[in-house]
Structures are given as C-alpha cells and as structure tokens.
2 protein chains.
Amino acid sequence: MERLPKRQRHQQLSRLIEENPFLTDRELTRLLKVSIQTIRLDRLELSIPELRERLKLMAERSYDPVRSLPLHEVIGDILDLQLDKSGISLFEIREEHVFSRSGIARGHHVFAQANSLAVAVINDEIALTASADIRFIRPARLGEKCIAKAYVRSSGAQKGKAKVEVFTYVGDEMVFQGNFVIYRSAGEPDREGGDGHEDRH
Amino acid sequence: MERLPKRQRHQQLSRLIEENPFLTDRELTRLLKVSIQTIRLDRLELSIPELRERLKLMAERSYDPVRSLPLHEVIGDILDLQLDKSGISLFEIREEHVFSRSGIARGHHVFAQANSLAVAVINDEIALTASADIRFIRPARLGEKCIAKAYVRSSGAQKGKAKVEVFTYVGDEMVFQGNFVIYRSAGEPDREGGDGHEDRH
DNA sequence: GCTTTTTTGGCACCAGGTATCAGTATGAAC
DNA sequence: GTTCATACTGATACCTGGTGCCAAAAAAGC
C-alpha cells in the first residue's frame with residue numbers, strides 16, 4: 001500500500017478542517033472517501049479534536065474578555081503612570097491588529113493605544129478626548145512592540161482641558177506622534193469627547 | 001403558587017447563561033435548585049438554545065469574518081462611494097462600542113469609521129493614513145447612528161498624497177470632524193501610514 | 001373542597017462522538 | 001508460498017448533553 005495516499009489525506013483533512021471547523025466526521029467521509037473510522041484514526045493521529053471540542057474552543061476564545069473586548073479601557077499595558085505628568089504603555093502588534101497580507105497595523109490600534117494612554121494619564125474621574133492632531137510616521141508591523149510615551153503639557157485642572165503629547169516608538173524609531181486635548185470632569189465633563197474612562201484601578 | 005418565583009428564576013436563568021454560556025442544564029439545576037426538567041422547560045419558554053447550540057452560535061459568530069474582524073477594512077456600512085470624490089458611511093453605536101456606564105462611544109470607533117472611510121474613498125490599491133487632525137465635537141452615545149461624510153479635497157494622484165475631510169453626524173448634529181492626509185500607492189505606498197486596504201471589491 | 005399551574009420523574013431517542021475488538025486487504029520480506 | 005506489518009473497515013458498547021413526550025406529584029389559586 002502506498003504511503004502517500006495516507007499522508008495526502010492527512011494534509012487534506014487538516015486543510016479541510018482548518019477552513020471549515022464545522023465539519024462532522026460523517027461529512028468528512030464524503031469528502032475524503034474513506035470510512036468514518038479512518039477519519040477518526042486520522043484525527044487521532046493528527047490530534048485534531050472532535051467537532052464539539054473545536055466549537056467549544058472557538059467559543060471560549062471569542063468569549064475571552066481580553067480578546068473579545070480588545071478596545072476596552074486602556075489599550076496596551078501601562079508600564080509607568082505618573083498622573084498629570086506622564087505615562088508609558090506597551091502594545092504588541094499581533095495577528096489581529098494587522099492587514100493579513102501586508103502585515104501593517106491598522107491605524108485604529110496605534111491610535112487607540114495613544115488615545116487611551118492620553119486619557120489614562122489624566123488624574124480625573126472622567127476624561128474624554130476633545131481633539132487630536134496625529135501623525136503616522138511609519139507603519140507599525142506584525143510582531144513589533146510599540147512603546148507609547150505620553151507627556152502632560154498643561155494639566156489644566158482648573159480650565160477643564162489638558163494637553164497631552166504622545167510619542168509611539170518601535171525600538172528607537174518613532175512610528176506615531178499625536179497631540180491630544182482632553183476634557184476633564186473638573187471642567188465640563190460631558191460637553192465633548194469621544195473617549196473616556198470610568199474605572200480607575 | 002406564587003408567580004414570582006418562576007419569573008425570578010427565569011430572570012436568573014437568563015442572567016446566568018448570559019454571563020456564562022458554558023453552563024450545562026445539570027449545572028444549572030445546582031444553581032437554581034430545581035429539577036433538570038424545569039430548567040429545560042424554562043429554556044424552552046425563554047427560547048434559550050441548548051449548550052451545544054449556544055457554543056455553535058458563538059463559534060459561528062467568531063468565525064464569521066465580518067464580525068470577527070470588526071476593525072477590518074471599512075468600519076460602518078458604505079452608503080455611497082464616489083472614488084476620489086466623496087463617500088458616506090453609516091455606523092451604529094452598539095453595546096460593544098460604548099463605556100457601559102456612561103453609554104458614550106469610545107473614541108477609537110468614531111475615529112475608525114472616519115479613518116476607514118477616508119481610506120476607502122481613495123481610488124488606489126494601497127492607501128495608508130499619514131496624518132490626521134481630528135475633533136470630537138460631542139460624544140456619540142449608545143444607539144445613535146453616525147453618518148460619516150468624506151470629501152476628497154485634493155486627490156493628489158500624482159503627488160502620492162490626498163487630503164480627505166470627514167464629518168460625522170448624528171441626525172443634524174456634528175459629533176466628529178477630521179482632516180486626513182492619506183498616502184496612496186501612486187506616491188510612495190509603504191513609506192508611512194498606519195492604515196490601508198488591500199482588497200477593493 | 002376542586003381546579004389549574006408548576007414541577008418533577010421516567011423513558012425513548014438523537015448527534016457526534018470515544019474506546020475497543022475483530023476482520024479484511026495489500027504489499028513487501030523471507 | 002507464507003508470513004508480517006500497515007492500513008482500512010465494521011461492529012458494538014458507552015458517553016454527554018441534550019429533545020420530546022407522558023404521567024404523576026406538588027403547589028397555588030379559587
């Protein structure tokens with residue numbers, strides 16, 4: 001018996017299930033023209049879990065709050081935070097942040113890291129982005145770690161507006177720079193803004 | 001028999017399953033102190049599908065490319081697009097876009113709608129945001145429908161840079177305004193940018 | 001009291017498997 | 001030719017997490 005058919009079938013099986021994880025063993029018998037036992041042996045050898053386990057894994061992954069709400073609260077990990085002074089956050093460009101073909105991060109994510117850091121650095125219950133002036137210096141790419149540094153240029157605790165400057169680096173290359181004007185609740189909290197935070201931890 | 005216990009149980013059941021869709025009927029019997037048949041009757045009345053169906057739905061949702069990559073391609077539905085001239089998109093502020101307590105949309109989403117429309121309106125294979133000057137005029141809130149209108153002010157097909165102005169409205173109130181500079185592949189596609197598109201359909 | 005609703009129990013059945021044992025085909029090795 | 005290994009198939013028992021249905025018991029409601 002040729003060895004190839006089996007290996008080919010294994011490859012096909014992997015591919016089929018990868019591109020449609022909703023296939024039952026019975027449906028796979030039709031596609032691969034082998035018995036259901038063979039399908040199951042193959043899955044065993046390839047350690048591909050059964051349909052229900054596959055679906056459960058997918059559901060869990062999409063249910064994971066960290067993954068399912070990637071734009072909640074602060075984007076990136078806060079490394080340092082000196083309220084009303086400065087802050088640093090780290091954000092790694094992963095698969096889900098880039099265009100699959102070019103590997104270039106979508107602007108939203110780079111913006112979101114900077115924006116949420118600018119908001120987080122403001123020492124107030126409510127902080128909302130009023131305006132921003134941003135520049136994408138060079139594209140951020142898959143796997144790169146973006147370090148955003150925010151500096152409060154004028155805290156404006158009395159005026160109700162604060163100016164925050166954010167620089168985002170990959171290594172020593174700057175990829176993004178932005179000037180944010182943040183409304184703070186000391187001023188008129190709800191008049192403007194498109195972002196804010198409600199939980200300070 | 002009081003009507004309340006049943007209704008209360010129904011509420012509890014809905015809440016429990018909502019916050020943990022992975023619960024089996026058997027586990028629910030422990031939590032609600034009723035028989036498994038009652039749980040099943042309750043699910044029937046509330047038309048809550050069985051565990052496996054719930055997981056399957058979650059898996060499908062996370063597998064659906066449109067939903068699983070909410071920040072892919074264009075955010076919002078394109079209502080009108082005249083390449084290198086103007087475009088209109090609609091984006092409804094839903095639960096997942098707002099801060100749960102204030103109901104105010106996170107800035108990323110409002111920005112993302114405007115940004116992706118600005119990029120989409122450019123008639124080129126590759127388009128990347130180079131810089132932007134944005135203003136959040138008033139907060140967008142849960143349930144509001146944001147209409148973004150983009151106007152290409154200078155297409156710059158030769159220069160490699162285009163200027164796009166975007167206004168986002170809720171009803172006749174402006175919530176956001178932004179000026180975008182977009183790099184287009186005619187110029188130097190990969191030199192800058194934080195966003196782009198790879199598929200034009 | 002009696003009636004109605006709610007709850008429970010029991011049983012058959014289903015999908016989509018796992019696990020295991022036995023049998024068959026096929027080709028290479030001696 | 002016989003033996004052996006590998007691959008494949010079939011059959012059966014069992015599992016989970018249910019559905020569907022019927023009847024009995026319990027709890028309200030009047």
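Below, read A as the first sequence line, B as the second, and so on, with proteins coming before strands; counting in each chain starts at 1.
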Are OP1 or OP2 of [N] and a side-chain N or O of [X] less than 4.0 angstrom apart?
| X | N | result |
| --- | --- | --- |
| R9(B) | dT7(C) | yes |
| R43(B) | dT19(D) | yes |
| R40(B) | dG17(D) | no |
| T38(B) | dT8(C) | yes |

Is a side-chain donor or acceptor of E165(A) paired with a backbone partner of A150(A) at a separation under 3.5 angstrom?
no
For the side chain of R54(A) and the backbone of L23(A), is there at least one donor-acceptor N/O pair under 3.5 Å apart?
yes
When you measure from the side chain of [X], which nucleotide among [options] comes out closest?
| X | options | result |
| --- | --- | --- |
| L51(A) | dG9(C), dG10(D), dG16(C) | dG16(C) |
| T24(B) | dT8(C), dG18(D), dT9(D) | dG18(D) |
| D25(B) | dT19(D), dG17(C), dT9(D) | dT19(D) |

Measure from [atom1] on [X] to [atom2] on [N] and round the result to the nearest Å.
| X | N | atom1 | atom2 | result |
| --- | --- | --- | --- | --- |
| E53(A) | dG17(D) | CD | P | 10 Å |
| K6(A) | dA7(D) | NZ | P | 4 Å |
| L28(B) | dT16(D) | CG | C1' | 15 Å |
| K56(B) | dG17(C) | NZ | P | 11 Å |
| I36(B) | dT16(D) | CD1 | C1' | 11 Å |
| L41(B) | dT19(D) | CG | P | 10 Å |
| L32(B) | dT7(C) | CG | P | 11 Å |
| I48(A) | dG16(C) | CD1 | C1' | 16 Å |

Most 5' of L23(A) and Q37(A) on DNA chain C, judged by nearest nucleotide:
L23(A)
R184(A)/D84(A) salt bridge by N-O under 4.0 Å criterion:
yes
What's the verdict on ring pair (Phe, Tyr, Trp, His ring centres under 6.0 Å) for H97(B) and H109(B), showing C-alpha distance, side-chain angles and the deciding distance?
CA-CA 7 Å; H97(B) 307 125; H109(B) 296 287; 4.7 Å; yes
Taking donor-acceptor contacts at under 3.5 Å, does the side chain of R52(A) reach the base of dG16(C)?
yes
Donor/acceptor link under 3.5 angstrom from E50(A) side chain onto base of dG16(C)
no
Can you list, pair by pair, the side-chain donor-acceptor contacts under 3.5 Å of residues 36-50 of chain A, counting residues two or more places apart and other chains?
| residue | atom | partner | partner atom | Å |
| --- | --- | --- | --- | --- |
| Q37(A) | OE1 | S35(A) | OG | 3.3 |
| T38(A) | OG1 | S35(A) | OG | 3.0 |
| R40(A) | NE | D25(A) | OD2 | 2.9 |
| D42(A) | OD1 | R9(A) | NH2 | 3.1 |
| D42(A) | OD1 | H10(A) | NE2 | 2.9 |
| D42(A) | OD2 | R9(A) | NE | 2.6 |
| D42(A) | OD2 | R9(A) | NH2 | 3.1 |
| R43(A) | NE | D25(A) | OD1 | 3.0 |
| R43(A) | NH1 | I48(A) | O | 3.1 |
| R43(A) | NH2 | D25(A) | OD2 | 2.8 |
| E45(A) | OE1 | K6(A) | NZ | 3.4 |
| E45(A) | OE2 | K6(A) | NZ | 3.2 |

